Q: 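Just passing along the structure, written as structure tokens.
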2 protein chains.
Amino acid sequence: MGVTVKDVARVAGVSTATVSRALRGFESVDPAVRAHVLDVAQRLDYVGSPAAAALTTGKAGSVGLITPFVDRLGFQRMLAGIESEMRGSSMDLLLHCTGDPSEPHPVPPHKRLARRVDGFIVLSISADSRDLEQILRLGMPVSMFGSRGADTSSVRVDDRAGASRAIDHLVDLGHRRLGIIYGREAVDAGVLEHEMHVGVRDAAERARLTLDQDLIVAGDYTTSGGALAMEQLLAGDDPPTAVFAFSDEMAYGAMRTMREHGLVPGRDVDLIGYDGHPMSDVLDLSTIELPFEEIGSTLARNLLDELQAPTGAHRVVTLPTRLAVRGSTTGASAR
Amino acid sequence: MGVTVKDVARVAGVSTATVSRALRGFESVDPAVRAHVLDVAQRLDYVGSPAAAALTTGKAGSVGLITPFVDRLGFQRMLAGIESEMRGSSMDLLLHCTGDPSEPHPVPPHKRLARRVDGFIVLSISADSRDLEQILRLGMPVSMFGSRGADTSSVRVDDRAGASRAIDHLVDLGHRRLGIIYGREAVDAGVLEHEMHVGVRDAAERARLTLDQDLIVAGDYTTSGGALAMEQLLAGDDPPTAVFAFSDEMAYGAMRTMREHGLVPGRDVDLIGYDGHPMSDVLDLSTIELPFEEIGSTLARNLLDELQAPTGAHRVVTLPTRLAVRGSTTGASAR
DNA sequence: GTGAAAGCGCTAACAC
DNA sequence: GTGTTAGCGCTTTCAC
């Protein structure tokens with residue numbers, strides 16, 4: 001179908017072995033020969049077959065990106081970081097979305113994927129997930145977002161500190177009655193959810209504040225979930241004067257609900273999000289900014305490094321968060 | 001390294017050919033034998049090598065997604081559609097971002113990619129792009145977003161009608177002085193940009209409206225670009241009473257600028273976007289909604305169908321847009 | 001420094 | 001229906 005090493009070898013007047021070596025820039029090839037081979041390959045418009053190379057070397061030449069969802073802003077930003085980091089390498093990126101974990105997989109897809117890639121980047125899969133177990137069991141290099149110990153390289157964010165920071169900010173503004181919109185129940189310790197809750201609790205304790213359990217509601221990490229959650233918070237007898245949403249997207253939903261109720265963030269109720277998406281600037285939403293692009297590029301770098309020079313060591317990187325104060329938290333509604 | 005067809009064949013007491021046939025569900029295999037082989041394969045935890053299969057069949061078993069950018073909301077939504085459609089198939093998705101076309105590619109990446117995939121999904125590359133030429137030259141099945149004729153299967157949106165719709169809406173509200181924030185210059189006919197401009201012009205003509213060239217500014221498709229563009233529009237002697245931005249993201253930027261000027265969309269200046277991202281609902285931004293998820297799934301379906309049963313025919317699908325009227329267009333500022 | 005030859009794991013003809 | 005055989009295009013010993 002195409003031109004192969006054989007063709008190049010024939011035209012260049014050398015063996016296929018030499019072509020192979022020359023093309024990969026081996027030192028052991030005579031510079032003149034290498035130049036000639038490269039020239040012939042170029043002229044013949046030769047492109048190697050990754051499949052054949054993979055078959056012989058056992059290296060696939062690509063990495064798998066595994067994520068439970070694809071339609072979240074954080075994903076997009078991490079992807080941008082991953083992509084830019086991988087641009088330089090010759091590795092390809094294979095995208096695999098696990099989707100709803102409850103759906104049955106006819107063939108465990110990771111086994112299949114594993115034969116196509118040299119390593120994995122895993123984004124935010126809950127620690128209890130069977131998917132995650134399966135991936136780790138494959139024994140391939142894994143770079144993951146959100147650590148669950150040090151059994152892989154990972155990049156994480158200090159969510160505990162970040163959540164504390166958000167609460168501190170609201171308390172500093174004089175708020176004593178806080179609403180919390182969290183994502184999902186924290187099924188086990190160590191996951192993001194759990195860290196956030198702990199961060200909130202710690203900050204509340206430090207401020208000698210008791211959180212009203214009725215003001216802690218789930219928002220499912222979605223905009224509409226956040227809207228519903230806010231609805232619930234506003235429906236109570238004694239609504240909060242300030243709300244902390246565990247994700248910007250939920251905060252956006254909360255803003256919509258507020259608008260529908262004729263309420264203005266920063267005037268009637270203070271609101272702070274978590275993620276720091278660019279959109280939050282537009283919405284004038286205070287938030288805790290996470291460096292998603294950097295998370296992505298670090299994830300990629302860690303994996304690429306390990307693939308290039310396997311050490312077996314696990315790098316664990318914790319990236320900082322930053323409080324961005326905007327018009328949605330003014331303290332005007334504190335009492 | 002792993003268990004191979006040979007192992008399965010040996011344990012099952014059949015030939016490798018039979019294993020191969022049984023595993024792929026060929027009719028010609030005795031049902032009892034097939035069941036037995038499947039059972040053995042399962043017990044042995046056999047997973048086929050895609051590389052080896054690809055080498056023999058010439059089919060890579062995956063499709064390449066080519067896009068110039070990864071950090072735009074439309075991309076994310078199309079990706080979600082593509083992903084969900086591909087979930088069912090056994091094809092893998094290889095992501096490739098062309099990035100800034102001005103950057104030099106050491107090895108034309110498409111040639112390399114082409115050897116890894118059976119076909120391409122191409123998102124919004126300008127028709128004049130050299131990338132696109134290269135991809136088409138490969139002679140592989142291509143499913144692309146935004147047609148440039150019928151030399152591939154494509155999914156497009158009637159941007160001309162969509163743009164007209166936006167202008168019609170503003171005119172209906174009584175506006176006569178319109179501002180336009182477009183993305184980039186339309187380099188050649190047929191591309192999205194061009195269609196949008198034509199749609200605007202047609203609608204203006206029908207309304208016997210002359211567009212002030214000073215009120216037509218570029219926003220580079222980004223939020224910050226939109227903010228700058230709005231700045232420019234407001235700085236003039238006779239600012240527009242209503243603005244149409246060619247993308248929601250630019251409209252978001254415009255909203256930010258308005259806020260900074262103490263202006264409220266729908267009260268002081270009407271504003272309508274284009275794309276219909278979920279965020280626009282939160283922002284109460286009127287917009288022309290495009291079915292990005294459906295675009296994505298249709299792109300994927302077209303390609304998968306062609307790969308499964310090659311016909312050489314090119315499907316061209318045009319998907320409709322929908323006007324979503326929200327609080328940012330009330331006509332209050334019309335005069 | 002270079003070539004010859006032996007596979008990598010699978011599938012596709014072709015016999016039986 | 002099933003087995004035998006011959007590759008797919010590359011890399012990699014191992015000689016030279």
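Here is how names work: the chains are called A, B, and so on, in the same order as the sequence lines, proteins then strands, and each is numbered from 1. Bear in mind that the values here come from a model prediction, so they are computed numbers and not experimental data. The analysis underlying the following values was restricted to heavy atoms, covering all of them including side chains, and did not include hydrogens, waters or symmetry mates.
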Q: Please tell me if the side chains of A:Phe120 and A:Val63 come closer than 4.5 Å, counting only heavy atoms from C-beta onward.
A: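 A side-chain contact is absent here, since even the closest heavy-atom pair is not under 4.5 Å.
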Q: Please state how far atom NZ in A:Lys6 lies from atom C1' in C:dA4, giving the value in whole angstrom units.
A: 13 Å
Q: Dump the intermediate steps for side-chain hydrogen bond (donor to acceptor under 3.5 Å, both in side chains) on A:Arg24 and A:Ser20, then the final yes or no.
A: CA-CA 6 Å; A:Arg24 287 176 303 158; A:Ser20 175; 3.1 Å; yes
Q: Is there a side-chain polar atom (N or O) of B:Thr18 under 4.0 Å from OP1 or OP2 of D:dT2?
A: no
Q: Output the rounded distance in Å from CZ (B:Arg10) to C1' (C:dG9).
A: 14 Å
Q: Whole Å only: how far is the NZ atom of A:Lys59 from the P atom of D:dG9?
A: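 After rounding, the gap between these two atoms is 23 Å.
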Q: Side chain of B:Ser15: nearest nucleotide among D:dT4, C:dC10, D:dC10?
A: D:dT4
Q: I need the full list of ring-ring contact (aromatic ring centres under 6.0 Å, His included) pairs touching residues 73-98 of chain B, with sequence neighbours left out, sorted by first then second residue.
A: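 Output for this query lists B:His96-B:His110.
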Q: Would A:Arg34 and A:Asp30 count as a salt bridge (Lys or Arg N to Asp or Glu O under 4.0 Å) here? Give the steps.
A: CA-CA 6 Å; A:Arg34 169 161 56 232; A:Asp30 184 303; over 6 Å; no
Q: Just verifying a value: how many Å separate B:Arg87 CZ and B:Glu85 CD, rounded to the nearest 0.5 Å?
A: 11.0 Å
Q: What's the verdict on side-chain hydrogen bond (donor to acceptor under 3.5 Å, both in side chains) for A:Thr311 and A:Glu306, showing C-alpha distance, side-chain angles and the deciding distance?
A: CA-CA 6 Å; A:Thr311 65; A:Glu306 175 66 20; 3.2 Å; yes
Q: Nearest-Å distance, CD (A:Glu27) to P (C:dT2)?
A: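 Nearest whole value for this atom pair: 13 Å.
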Q: Nearest whole Å is fine: how far is D:dC10 P from A:Leu55 CG?
A: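 Rounding to the nearest Å, CG of A:Leu55 and P of D:dC10 are 12 Å apart.
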Q: Would you compute the distance between atom CG of A:Leu73 and atom CG of B:Leu73 and round it to the nearest 0.5 angstrom?
A: 6.5 Å
Q: Could you tell me how far apart B:Arg116 (CZ) and D:dC10 (P) are, to the nearest whole angstrom?
A: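 That distance rounds to 13 Å.
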Q: With the threshold set at under 4.0 Å for non-hydrogen atoms, list the residues of residues 43-54 of chain B touching DNA chain C in residue-number order.
A: B:Tyr46, B:Gly48, B:Ser49, B:Ala52, B:Ala53
Q: Kindly give the atom pairs (protein nitrogen or oxygen, nucleotide nitrogen or oxygen) under 3.5 Å for nucleotides 12-16 of chain C.
A:
from, atom 1, to, atom 2, distance (Å)
C:dA12, OP2, B:Arg24, NH1, 3.3
C:dA12, OP2, B:Arg24, NH2, 3.4

Q: Mark yes or no for whether B:Asp118, through its side chain, and B:Gly61, through its backbone, hold a donor-acceptor pair below 3.5 Å.
A: yes
Q: Of the nucleotides D:dT2, D:dC10, C:dC10, which has the atom closest to the A:Thr4 side chain?
A: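 Nucleotide nearest to A:Thr4's side chain: D:dC10.
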Q: Salt bridge (Lys or Arg N to Asp or Glu O under 4.0 Å) for B:Arg77 and A:Asp71? Distances and angles first, verdict last.
A: CA-CA 7 Å; B:Arg77 294 175 58 199; A:Asp71 56 351; over 6 Å; no
Q: Could you tell me the separation between the CZ atom of B:Arg115 and the P atom of D:dG9, rounded to a whole number of Å?
A: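 After rounding, the reported distance stands at 8 Å.
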